Structure formats: C-alpha cells, structure tokens
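Below, chains carry the letters A, B, ... as their sequence lines are ordered, and counting in each starts from 1. Note that the structure is a prediction, hence the values are computed from the model and not measured.
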Amino acid sequence: MRKLFAVALLALSTGCAGGRTWITAPTANYPVSISEGMRGPDGALLSAREMQVVGHFTSEHTGWNLLYSSIPLTPHKNISEEINAQIAAVQGDGIVRLSTSSKPCALDYFVILTIIPFWPGCADVDLKGDIIRYSPASPPMAPPASAQSLPSGTAAGALTLKN
Amino acid sequence: MKRIGMLLVLGLSACHPIAARSAAPYPILLGPVDRIGGKPSPATGVADVKFDGETQNDFLLCVNTLAPTVSATQPSGDGGMQAHSQQSFAKLAGERPLASYNARLEDISAGAYVWFLAGCYEHKWWSGGDGHLEVMR
C-alpha cells in the first residue's frame with residue numbers, strides 16, 4: 001500500500017513550467033551599459049572618478065509562457081521609458097553596471113497543475129543598475145603667465161609672496 | 001531528518017536569483033546611445049563580430065532512489081556576456097585600436113523554469129545576451 005502510494009505520488013509529481021523574456025531598450029535616450037565601462041561626450045572611456053553615482057535604476061518584470069514554457073506570451077519587454085524616466089528624475093546621464101537576475105515565480109511550483117499544457121508558467125526578472133552623472137575631471141591647473149617666464153632657479157613661491 | 005534539512009538548505013540557496021554583472025572596463029551597451037550626451041542612432045555593426053553569452057544556475061534533486069541525489073551550480077555571477085565580448089575583442093586585436101570599438105547587445109534574455117518528473121525536480125534560471133562589436137561613430 002505504501003509502495004503504491006509512493007508510485008502514485010511520483011506519477012503525479014510531473015510537470016514543467018517557466019518563462020523567459022527578452023529585455024530591449026530601443027528608444028532609450030541615454031547610454032546604458034551592463035559593464036563598468038562608459039564613454040564620455042568625446043568618445044573616450046571614462047574613469048570611475050568621472051562617473052558620479054546619483055541614483056539606482058530598478059525595473060521588475062514577469063515573463064509569461066504557456067505549453068510547458070514553449071510559447072512565450074511576453075517575448076519582449078521594452079524598458080526604454082523606465083530608463084528615460086528614472087535617469088531624468090535624478091538628472092543623470094546614463095546607467096552603468098546594469099545587472100539582470102531571474103527566478104521561477106510561484107505558479108511554477110504548483111506541481112500537479114503544471115502537467116496541464118495551458119497552465120501558465122512565469123519567471124520574475126529584476127534589473128538593477130547605477131545611474132551616473134558625468135563629472136569631467138578638472139583640467140590640470142595652468143601655471144600663471146609670470147611663472148612660465150621665470151628665470152631658471154627662481155622660486156615661484158617666493159614670487160607669489162612678494163605679490 | 002538531517003538529510004532532509006540539507007536538501008532544504010540546498011534548495012533554498014538555489015532559489016537565490018543569479019545576477020549577471022560585468023566588470024569589463026569598456027561599455028557593453030544596451031540601446032541606441034553609445035556615450036554620455038550622445039544621440040540615439042542605429043547600431044552600425046560594421047565590425048560584424050558577434051558574441052553571446054549566458055550565465056545560468058541549476059538545481060537538481062532526485063528522490064526516486066534510496067540515495068537522493070542533489071546537484072547545484074552557482075556561477076560567479078560575472079556573466080558570460082563579458083567573457084564572450086572579450087573573446088570578440090581578442091579576434092580584432094592588432095587590426096585597429098580596440099578603443100574604437102563598442103560592444104552592443106541586441107537584447108538581454110532572462111528566464112527560469114521548473115520541472116518535476118519521476119521523483120526528480122530541477123529548476124534552472126539564467127540570463128544572457130547576444131551582441132556584436134561595432135566601430136565607434
């Protein structure tokens with residue numbers, strides 16, 4: 001009897017559910033990078049010092065699928081508007097370190113029900129990143145004109161004190 | 001009892017979502033803008049060096065035998081996209097300054113699924129992306 005129960009339980013514990021989605025940002029008005037790297041207005045790579053973190057970007061979505069996760073119901077998710085709004089809100093210039101995480105959602109764990117082909121499967125997808133503001137490194141201080149024409153061996157400090 | 005506890009701990013740790021993050025110094029872009037203050041413009045794709053990459057986690061538990069088996073993979077979270085884009089950069093090395101290229105993603109895919117069958121349970125979750133290198137405008 002116990003064996004029969006175990007076999008029945010195993011037979012019923014069958015199913016598959018899940019989801020996936022493709023994140024896009026075709027109309028983002030700001031640069032978005034999944035790495036630490038970002039280019040400045042002149043195209044040069046920025047140093048960490050030139051990127052001031054002014055906020056955090058977050059976005060949460062659920063990807064839905066049917067028929068044992070083979071038919072996507074939400075194939076694409078455009079996050080452009082979220083990017084534009086969240087960056088504008090903190091007067092940022094772009095996003096770096098955009099990371100993606102995913103996990104099965106609660107519906108995927110309804111063991112017996114997931115054997116039904118039209119039981120919806122899903123996946124929770126979270127996006128996080130740092131919103132940065134470009135703060136150009138200050139150019140090196142140009143020496144005063146008087147110091148440029150100093151005769152060799154003259155102490156610039158002494159000259160300043162005299163003035 | 002101890003064994004069940006161990007399985008539970010492993011199962012719960014596997015529920016932690018993966019986060020694919022890249023520490024590459026160059027930008028791996030998503031979207032049409034390639035620099036601070038830049039204007040949206042279509043990807044050029046001139047370099048035509050494609051890359052893809054995926055980071056995935058997997059948790060498998062089978063209790064259909066007397067000795068339950070468990071396996072779990074926990075990748076570092078650096079993301080396969082970085083590694084693949086670096087390989088693409090390596091292909092171009094020597095042809096022209098690599099600083100003049102951008103890595104650009106077409107999209108980021110992310111998902112997860114769970115299945116149960118004959119006493120086995122697996123859940124897998126991943127994120128990844130397809131992209132290409134392009135010459136900077």
Where do [X] and [Y] come nearest, in terms of heavy atoms and distance?
X	Y	result
B/Ile28	A/Ser35	N-OG, 3.4 Å
B/Gly111	A/Ser102	O-OG, 3.1 Å
A/Asp42	B/Arg35	C-NH1, 3.8 Å
A/Ser33	B/Pro27	OG-CA, 3.5 Å

Same apolar cluster (I L V M F W Y, side chains within < 4.5 Å links), A/Leu127/A/Val54:
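In one cluster with A/Leu127: A/Val54, yes.
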
So if you build clusters from Ile, Leu, Val, Met, Phe, Trp, Tyr with side-chain heavy-atom gaps below 4.5 Å, do B/Leu29 and A/Ile83 land together?
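No, separate clusters.
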
Check residues 17-32 of chain A and write down every donor-acceptor pair under 3.5 Å in which the side-chain atom is one partner and the other belongs to a residue at least two apart or another chain.
unit_1, atom_1, unit_2, atom_2, d
A/Arg20, NH2, B/Ser109, OG, 3.4
A/Thr21, OG1, A/Thr74, O, 2.9
A/Thr27, OG1, A/Ser80, OG, 3.2

Within a radius of less than 6.0 Å around CD of A/Gln52, do more than 12 heavy atoms belonging to other residues, nucleotides or ligands occur?
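Enclosed.
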
Of the backbone (N, CA, C, O) and the side chain (C-beta and beyond), which part of B/Glu122 lies under 4.5 Å from a heavy atom of chain A, both, or neither?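 Neither; nothing under 4.5 Å.
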
Item to check | Linked hydrophobic residues, B/Ile36 as query - side chain contacts closer than 4.5 Å | outcome: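 The other cluster members (ILVMFWY side chains, heavy atoms under 4.5 Å, direct or chained) are A/Met38, A/Leu46, A/Met51, A/Val53, A/Val96, A/Ile132, A/Tyr134.
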
Handout entry: Non-hydrogen side-chain atoms of A/Leu98 and B/Ile108 separated by less than 4.5 Å
Key =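 Yes, side chains in contact.
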
